[in-house]
Amino acid sequence: MDVTYKEGTDVETQQLDDLWAAIGWKPRGWEKWNEVLSKSSFFYTGWDGTRLIGTGRIVEDGIMCMFYDIGVHPDYQRQGVGAKILEELINRVKDKGYASIALFAWEENPANIPFYEKFGFVRTSGMELTKYMRPE
Ligand SMILES: CC(C)(COP(=O)(O)OP(=O)(O)OC[C@H]1O[C@@H](n2cnc3c(N)ncnc32)[C@H](O)[C@@H]1OP(=O)(O)O)[C@@H](O)C(=O)NCCC(=O)NCCS
C-alpha cells in the first residue's frame with residue numbers, strides 16, 4: 001500500500017465526513033469543519049491516492065496543546081498509518097516546552113490505550129463538565 005501524507009486543510013468536507021462515518025463518528029458538515037480546521041494550528045492527513053484514510057490535528061496556545069481527531073479508516077488500520085500521523089503531531093510540538101501535551105482517548109476503542117502508550121502517553125486524571133456538553 002502506497003500511503004502519502006500531507007499537511008494543511010485542503011480537504012473536502014465530504015471526504016472528512018465519509019471517513020468519520022466509516023470510523024463510526026458523527027459527520028460534522030461544512031460549517032463545523034471549517035471552524036474546527038481554521039482554529040487548529042496543524043492538520044495532518046493520510047491518503048491512498050485521492051482517498052482520505054487518516055487524520056490528526058493540533059490545537060495549541062503557546063503553553064499547552066491538545067491532539068484531536070486522530071482516526072484511521074477501518075480498512076487501513078493496523079498498518080502504521082495512525083503511528084505516522086501521531087509521530088508527526090508529536091514532532092511538531094515536542095521541542096516547544098509545553099506545560100501540557102494531551103489528548104482524550106476515545107474509550108469505545110480498546111486499541112487506543114495501547115496505541116497512545118506506545119508513544120509515551122501516560123494516563124492522568126482528566127475531568128469534563130459533561131452536563132454542558134453536546135457529545136459528537
Ligand atoms: C487508534 C488508531 C488511530 C490506531 O491507528 P492505526 O493506524 O490502526 O495504528 P498503527 O497501525 O499505526 O499502530 C501503531 C501501534 O499502536 C498499537 N495498536 C494499534 N492498534 C491496536 C490494536 N487494535 N490493539 C492493540 N494495539 C494496537 C500497536 O502497538 C501498534 O504497533 P504494532 O502494529 O507494531 O503492534 C485506529 O485504531 C483508529 O483510527 N481507531 C478508530 C478511531 C479512534 O479510536 N481514534 C482515536 C481517538 S482518541
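Counting starts at 1 for both ligands and their atoms, following the listed order. Below, each value reflects all heavy atoms present in this structure, side chains not excepted, and no hydrogens, waters or symmetry copies.
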| field | Heavy atoms from other residues, nucleotides or ligands near CG of Asp10 exceed 12 (cutoff 6.0 Å) | value |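 No.
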What's the shortest distance from [atom] to any protein heavy atom, and which residue and atom give it?
atom	result
atom 34 (O) of ligand 1	Lys118 NZ, 3.2 Å
atom 14 (C) of ligand 1	Phe115 CD1, 3.7 Å
atom 40 (N) of ligand 1	Asn109 ND2, 3.0 Å
atom 1 (C) of ligand 1	Asn112 OD1, 3.2 Å
atom 5 (O) of ligand 1	Gly82 CA, 3.6 Å
atom 38 (C) of ligand 1	Gln77 NE2, 3.4 Å
atom 45 (N) of ligand 1	Ile70 O, 2.7 Å
atom 28 (C) of ligand 1	Arg78 NH2, 3.7 Å

Geometry only, no angles: is [X] polar-contacting ligand 1 at N/O separations under 3.5 Å?
X	value
Phe119	no
Val72	yes
Trp106	no
Pro114	no

| said: Between Val11 and Thr55, is there a side-chain heavy-atom distance shorter than 4.5 Å? | reply: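 Sidechains of Val11 and Thr55: no contact.
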| said: A side-chain contact here means heavy atoms from C-beta on lying under 4.5 Å apart; do Trp30 and Asp17 qualify? | reply: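 No; the side chains remain at least 4.5 Å from each other.
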| said: At less than 4.0 angstrom from any non-hydrogen atom of Ala105, what atoms of ligand 1 do you find? | reply: 48 (S)
| said: Distance under 4.0 Å to a non-hydrogen atom of Gly71: what atoms of ligand 1 satisfy this? | reply: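 Contacts of ligand 1 toward Gly71, numbered from 1: 39 (O).
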| Pair Phe119 and Phe121, ring centroids less than 6.0 Å apart |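 No: the rings miss the under 6.0 Å criterion.
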| message | For Glu7, is there an ion pair with Arg92 - N to carboxylate O distance below 4.0 angstrom? | response | yes
| request: Indicate if Leu103 and Tyr98 have the same hydrophobic cluster label, given that clusters are the connected sets of ILVMFWY residues with side-chain heavy-atom separations under 4.5 angstrom. | output: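 Per the 4.5 Å side-chain linkage, Leu103 and Tyr98 are co-clustered.
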| note | atom 42 (C) of ligand 1: of Trp20, Phe104, Trp25, the nearest heavy atom sits on Trp25
